[in-house]
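The structure appears right after this line, and notes come after that.
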Amino acid sequence: MSLSLFLDEALGAGRASDDTVSALRALAVAAIEIAGLVQRNGISADLGEEIGGTNSDGDSQKALDVRAEELITHHLSTSGAAFLLSEEQDDPVPLAGDGSVIVAVDPLDGSSNISVNVTIGTIFSILPAGPMLQPGRNQLAAGFFTYGPQTTLILAFAEGGCQCFVLDPDQGEFLTMGGPVSIPEQTSEFAINAAYSNHWFPPVRAWMDGVLEGKSGPYKQSYRMRWVGSLVADAWRIFQRGGVFLYPGDDRPGNGQGRLRLVYEASPMAFLAERAGAIATDGSGSILDIEPDSLHQRVPLIFGSAVELRRLMELHRH
Ligand code: P6P
């Protein structure tokens, strides 16, 4: 089934509103154009080059960061979105005055990987129009695109599971990949940047110690580690075969709340994870129950297979 037909059915079944569906159609068109830029990167210009200036993350902006956001803003401007909240903009961007939804995006997640041909992507969250800052539990829909060996999309509404799509480059449209995905409760795979291990707080340290002890340790199994350095790439793998993703806070200056942003990275990931039967936490509770204090607020993000997440949350309770 095409994404277009999938969205028609969601609209007809009342799982999504007109404005949510029109925003999703706009995001898909923008994503296909971004994927085209990624596929051609390096032919005429390096879209991974720094263009001066920094985003809200304090990261230097890459050409594709800016171009991706321009495309997303352009296509959303004729959709049902009232405002755009973006990692690349300090403040909300007004769009359609009578729109009933707010779209929050990380236009280009993982942009440090653009120039080295590693999977990157676009993360999005769709909220009801109203306060700019709302808990992730309010989301109407969320998902992310990946630009890698395949161009893919994973999408969920407030009801139902997570549906995956792959771009058919010949037809120029996204097609469903099987049925709704769920994240297996058990896993032997984790994703964390182990370079920061001497900075981890005790709960993550204790869990990792247990993991690294393997079959002779408390969890009585061996594990594998994967770390792409691109949230969407690690997340796509976890939604396909399970795993645990950790970007925790640590004692590095300015990293007490981790690196990832609540509104347009952690919240959409947590929404998808819970729709896939998994858990997403900052260590204490559900990511989706956090009331944002600010648009670019950082939050520790740990999500994935429930057995390991329950162990991690138990360790955080001590
Ligand atoms: P580190 C990419 O810059 C990003 O925001 C996520 O996509 C990724 O998971 C993380 O940062 C990588 O961070 O500290 O390992 O470079």
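Excluded from the calculations below are hydrogen atoms, water molecules and symmetry mates; all remaining heavy atoms, backbone and side chain alike, are included. If you read the sequence from its start, that first residue is 1, and numbering goes on from there.
Note that OG1 of T20 is 11.5 Å distant from CD of Q139, once rounded to the nearest 0.5 Å. Rounded to the nearest 0.5 Å, atoms CG (L37) and CD1 (I43) are 10.5 Å apart. The structure places CG of L312 at 8.5 Å from OG1 of T281, a figure rounded to the nearest 0.5 Å. One distance of note links NE2 of H74 with CD of E69; it measures 14.0 Å at 0.5 Å rounding. The distance from atom CG of L175 to atom CG of L5, rounded to the nearest 0.5 Å, is 10.5 Å. A distance of 13.0 Å separates CZ of F190 from CD1 of I302, quoted to the nearest 0.5 Å.
Under a hydrophobic clustering in which Ile, Leu, Val, Met, Phe, Trp and Tyr are joined whenever their side-chain heavy atoms come within less than 4.5 Å, directly or via other members, W227 and V204 fall into the same cluster. Each of M132 and V93 belongs to its own hydrophobic cluster when Ile, Leu, Val, Met, Phe, Trp and Tyr are linked at side-chain heavy-atom distances under 4.5 angstrom. At a threshold of 4.5 Å between side-chain heavy atoms, the hydrophobic network of Ile, Leu, Val, Met, Phe, Trp and Tyr places V166 and L3 in two separate groups. Under a hydrophobic-cluster definition in which Ile, Leu, Val, Met, Phe, Trp and Tyr are linked whenever side-chain heavy atoms come within less than 4.5 Å, directly or via other members, I126 and L95 are assigned to the same cluster. In terms of hydrophobic clustering, with Ile, Leu, Val, Met, Phe, Trp and Tyr side chains grouped at heavy-atom distances under 4.5 Å, V101 and L85 are assigned to different clusters.
When atom types are taken as modelled, the side chain of S79 and the backbone of S22 share no donor-acceptor pair closer than 3.5 angstrom. At least one donor-acceptor pair closer than 3.5 Å links the side chain of D282 to the backbone N or O of G285. For the pair Q221 (side chain) and T187 (backbone), a donor-acceptor distance under 3.5 Å is present. Side-chain atoms of T146 do not come within 3.5 Å of backbone N or O of G148 as any donor-acceptor pair. A donor-acceptor pair under 3.5 Å is absent between the side-chain atoms of T151 and the main chain of A35, judged by distance alone. With hydrogens and angles disregarded, no donor-acceptor distance shorter than 3.5 Å links the side chain of D19 to the backbone of G99. Not one N or O on the side chain of D209 forms a donor-acceptor pair closer than 3.5 Å with the backbone of A206. Side chain of D168 to main chain of Q171: a donor-acceptor pair is present (N/O by atom type, distance under 3.5 Å, no hydrogens or angles). Under the 3.5 Å distance criterion, the side-chain polar atoms of H296 are matched with a main-chain donor or acceptor of D90.
Contact of the L155 side chain with the L7 side chain is registered, since non-hydrogen atoms from C-beta on lie closer than 4.5 Å. By the 4.5 Å heavy-atom criterion applied to side chains, S188 and R224 are counted as neighbours. By the 4.5 Å heavy-atom criterion applied to side chains, M269 and F144 are counted as neighbours. Taking 4.5 Å as the limit, some side-chain heavy atom of Y147 sits within range of a side-chain heavy atom of T122.
Note on R137 versus D289: salt bridge recorded, some NZ/NE/NH1/NH2 to OD/OE distance being below 4.0 Å. Salt bridge E159/R15: absent, no basic N to carboxylate O contact under 4.0 Å. With salt bridges taken as basic N to acidic carboxylate O contacts below 4.0 Å, one links E314 and R317. Using a 4.0 Å cut-off between a side-chain N of Lys or Arg and a carboxylate O of Asp or Glu, R298 and E265 do not qualify as a salt bridge. The pair D250-R205 does not meet the salt-bridge criterion, since no charged nitrogen lies less than 4.0 angstrom from a carboxylate oxygen. E189 has a carboxylate O that lies under 4.0 Å from a charged side-chain N of R241, or vice versa, which qualifies the two as a salt bridge.
Under a cut-off of 6.0 angstrom, the local environment of CG in D251 is crowded, with over 12 non-hydrogen atoms contributed by other residues, nucleotides or ligands. Remark: R226 CZ is packed, more than 12 non-hydrogen atoms of other residues, nucleotides or ligands lying under 6.0 Å away.
Checked by atom type, the side-chain pair Y223/E308 shows a donor-acceptor distance below 3.5 Å. Side-chain polar atoms of S267 and S125 form no donor-acceptor pair below 3.5 angstrom. One side chain, R25 or S4, offers a donor N or O that lies under 3.5 Å from an acceptor on the other. Using a 3.5 Å distance cut-off with no hydrogens or angles, the side chains of S111 and D109 do not pair a donor with an acceptor. Residues Q61 and E50 have side chains that never bring a donor and an acceptor to within less than 3.5 angstrom of each other.
Here the closest non-hydrogen pair linking A16 and F157 is CB-CE2, 3.6 Å. F303 and A273 get closest at one heavy-atom pair: CD1-CB, 4.3 Å. In terms of heavy atoms, G110 sits closest to I120 at O-CG2, 3.1 Å. Shown here for Q89 and L295, the closest heavy-atom pair between the two residues is O-CD2, 4.3 Å. Shown here for P94 and F83, the closest heavy-atom pair between the two residues is CA-CD2, 3.5 Å. Contact record, G172 with L167: C-CD1, 3.8 Å, taken as the closest heavy-atom pair.
In summary, the aromatic rings of F6 and F165 are positioned with their centroids under 6.0 Å apart. Centroid-to-centroid, the aromatic rings of F201 and H316 stay 6.0 Å apart or farther. Checked against the 6.0 Å centroid criterion, the rings of F124 and F145 qualify as a close aromatic pair.
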Please walk me through it: do L288 and F271 pass side chain to side chain contact (heavy atoms under 4.5 Å, CB included)? CA-CA 7 Å; L288 296 183; F271 183 86; 4.3 Å; yes
M1/E9 under side chain to side chain contact (heavy atoms under 4.5 Å, CB included): CA gap, chis, key distance, verdict: CA-CA 11 Å; M1 180 187 296; E9 291 191 351; 3.5 Å; yes
Evaluate the criterion side chain to side chain contact (heavy atoms under 4.5 Å, CB included) for residue pair L108 and I34; output intermediate values, then yes/no. CA-CA 9 Å; L108 217 290; I34 295 167; 4.0 Å; yes
For a side chain to side chain contact (heavy atoms under 4.5 Å, CB included) check, start with the C-alpha distance between L260 and L231, then their side-chain angles and the critical distance, and finish with the verdict. CA-CA 9 Å; L260 301 176; L231 170 58; 4.1 Å; yes
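Ring orientation note: the planes of Y196 and Y247 are tilted relative to one another, at an angle of 30° to 60°.
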